[in-house]
> 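Just passing along the structure, written as structure tokens.
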Amino acid sequence: RDRVMVGAAGDITAEELGMLLDEILGDLPAEGAPLPDVADYQLEGGTTVVEFPSPQSVALFGHEGIARDDPDFFPAFVLNQILGGGGFRSRLMEEVRVERGLTYGIYSYLGLSEYGQTVAGRFSSSNDLVAEAISVTRDQWRDVAENGVTAEELEAAKRYMTGAYPLRFDGNGRIAGILAGMQADGMPVTYIETRNDRVEAVTLEDVARVADRLLRPEDLHFVVVGQPQGLEPSN
């Protein structure tokens, strides 16, 4: 314990640190357990209802997504910002909450797990409104897939994404966390320098093309936990 505390204070040589690491980690196997294969997405579009006594229902929804190393990742990244990742600036928030008052909040995100990617989202709604909220969400998914987004939406999304990014680097802890995440995701050290340029390079045509490829309203599956009214499960 004393040696660890000394090391934490910085009063340690490379040789002492090597001995300490050998002592702590020396019994670990040279190789870890085999890693899993990439998971094939198998869930079909539809609705699953999990009965739970509550005045509100929670809905999680989504379908197969896109990998971080896909050439279309940055258009998909910007697309999601417009669709549901941009708070009150997003299509889903505007249509489901602001225009119709069906929820206090709704969002979407790109799930970038290494062995299985999704584009997904979540909202909560009172039991009597959740069926309508699902219908509006599907409609917006379909509209963006078929018609893309507007130039104004694209410019607003890029302005926010590029302006907010530097604000993340406001302390050693957050910087270390960002760098650790980059390393875990296999991202190059140049990512920080090029990220905003790649966001700025996304065009309306890019977003429309990727929306047509990525967003599949017929494949959306909603898992609803609660006691939703007027919502028939598909399985």
> In the structure I gave you, are the side-chain heavy atoms of Glu51 and Gln227 within less than 4.5 Å of one another anywhere?
yes
> Take Arg198 and Phe73 through the test side-chain contact (heavy atoms from CB on, under 4.5 Å) and record every step on the way to the result.
CA-CA 10 Å; Arg198 298 179 72 177; Phe73 170 74; over 6 Å; no
> Has Phe52 got more than 12 heavy atoms of other residues, nucleotides or ligands less than 6.0 Å from its CZ?
no
> Do other residues, nucleotides or ligands put more than 12 heavy atoms under 6.0 Å from Glu44 CD?
no
> Between atom CD of Glu95 and atom CD of Gln140, what is the distance when rounded to the nearest 0.5 Å?
4.0 Å
> Measuring from atom CG of Leu154 to atom CG of Leu79, what distance do you get when rounded to the nearest 0.5 angstrom?
10.0 Å
> Looking only at heavy atoms, which two atoms of Gly163 and Pro166 are closest? And how far apart?
O-CD, 3.4 Å
> Check whether more than 12 heavy atoms from other residues, nucleotides or ligands sit under 6.0 Å from atom CG of Asp197, and answer yes or no.
yes
> Kindly work out whether a path of hydrophobic side-chain contacts (I/L/V/M/F/W/Y, heavy atoms less than 4.5 Å apart) joins Val96 to Val58.
no
> Taking atom OH of Tyr115 as the centre, report whether more than 12 heavy atoms of other residues, nucleotides or ligands fall under 6.0 Å from it.
yes
> Examine Leu129 and Val225 and state if one hydrophobic cluster contains both, with Ile, Leu, Val, Met, Phe, Trp and Tyr joined whenever side-chain heavy atoms are less than 4.5 Å apart.
no
> Could you pull out the closest heavy-atom pair between Ser234 and Gly46, with the gap in Å?
OG-CA, 3.3 Å
> Within this structure, what is the NE2-OG1 distance for the pair His221 and Thr48, rounded to the nearest 0.5 Å?
2.5 Å
> Return each pair, listed once, that meets side-chain hydrogen bond (donor to acceptor under 3.5 Å, both in side chains) where at least one residue sits in residues 160-188; pairs must be two or more places apart or across chains.
Arg68-Asp185, Asp170-Arg174
> Determine whether Glu232 and Thr47 make a side-chain contact, defined as any pair of heavy atoms from C-beta on separated by less than 4.5 Å.
no
> Do Glu155 and Lys158 come close enough that some side-chain heavy atom pair is under 4.5 Å?
yes
> Just by distance, do the side chain of Glu193 and the backbone of Thr190 share a donor-acceptor pair under 3.5 Å?
no
> The test is side-chain contact (heavy atoms from CB on, under 4.5 Å); show your working for Phe123 and Thr137 and say whether it passes.
CA-CA 10 Å; Phe123 68 84; Thr137 299; 4.1 Å; yes
> Take atom CZ of Arg89 as the centre, draw a 6.0 Å sphere, and report whether it contains more than 12 heavy atoms from other residues, nucleotides or ligands.
no
> Please determine whether side-chain contact (heavy atoms from CB on, under 4.5 Å) holds for the pair Glu153 and Val207, giving the CA-CA distance in whole Å, both sets of side-chain angles, and the decisive distance to 0.1 Å.
CA-CA 11 Å; Glu153 287 175 319; Val207 173; over 6 Å; no
> Do Asp70 and Gln117 have side chains that get closer than 4.5 Å, going by heavy atoms?
no
> Which pairs, with at least one residue in residues 54-67 and sequence neighbours excluded, count as a side-chain hydrogen bond (donor to acceptor under 3.5 Å, both in side chains)?
Ser57-Asn127, His63-Trp141
> Give the cluster check for Val136 versus Phe222: same hydrophobic cluster or not, with ILVMFWY residues linked at side-chain heavy-atom distances below 4.5 Å.
yes
> How many angstroms lie between CG in Leu179 and CD1 in Ile175, if you round to the nearest 0.5 Å?
7.5 Å
> Linking I/L/V/M/F/W/Y whenever their side-chain heavy atoms sit closer than 4.5 Å, directly or via other members, would Leu110 and Leu60 fall into one cluster?
no
> Taking the side chain as every heavy atom from C-beta outward, state whether Val224 and Ile134 have any pair of such atoms under 4.5 Å apart.
yes
> Does Tyr107 reach the side chain of Met93, with side-chain heavy atoms less than 4.5 Å apart?
no
> Consider only side-chain heavy atoms of I, L, V, M, F, W and Y, link residues closer than 4.5 Å, and tell whether Ile66 and Met187 are in one cluster.
yes
> Can you name the closest pair of heavy atoms from Gly84 and Ser90 and give their distance?
CA-CB, 3.6 Å
> Does Arg138 use its side chain to pair, donor to acceptor, with the backbone of Pro217 at less than 3.5 Å?
yes
> What distance separates Asp72 CG from Leu214 CG, expressed to the nearest 0.5 Å?
9.0 Å
> Would Met182 and Ile192 count as a side-chain contact (heavy atoms from CB on, under 4.5 Å) if you check the C-alpha gap in whole Å, the side-chain angles of each, and the deciding distance to 0.1 Å?
CA-CA 9 Å; Met182 287 171 53; Ile192 294 173; 3.7 Å; yes
> Taking Thr103 for its side chain and Ser124 for its backbone only, find out whether a donor-acceptor pair lies under 3.5 Å.
yes
> Could you tell me which non-hydrogen atom of Asn80 sits nearest to which non-hydrogen atom of Tyr109, and how far apart they are?
OD1-N, 3.4 Å
> Ignoring hydrogens, what is the shortest heavy-atom contact between Leu102 and Ser125? Give both atom names and the distance.
O-OG, 2.5 Å
> Regarding Glu94 and Arg91, does a basic nitrogen lie under 4.0 Å from an acidic carboxylate oxygen?
no
> Given the rule in the salt bridge (Lys or Arg N to Asp or Glu O under 4.0 Å) test, do Asp206 and Arg209 qualify, once you have shown the distances and angles that lead to the verdict?
CA-CA 5 Å; Asp206 291 331; Arg209 171 176 50 79; 3.1 Å; yes
> Take a 6.0 Å sphere around CG of Asp22 and say whether it holds more than 12 heavy atoms from other residues, nucleotides or ligands.
yes
> So, do Val78 and Ile82 sit near enough that their side-chain heavy atoms are less than 4.5 Å apart?
yes
> How long is the span from the CD atom in Glu200 to the OG1 atom in Thr194, to the nearest 0.5 Å?
13.0 Å
> Who else is in the cluster with Leu167 when I, L, V, M, F, W and Y are joined by side-chain contacts under 4.5 Å?
none
> Side chains of Phe77 and Arg195: closer than 4.5 Å at any heavy-atom pair?
yes
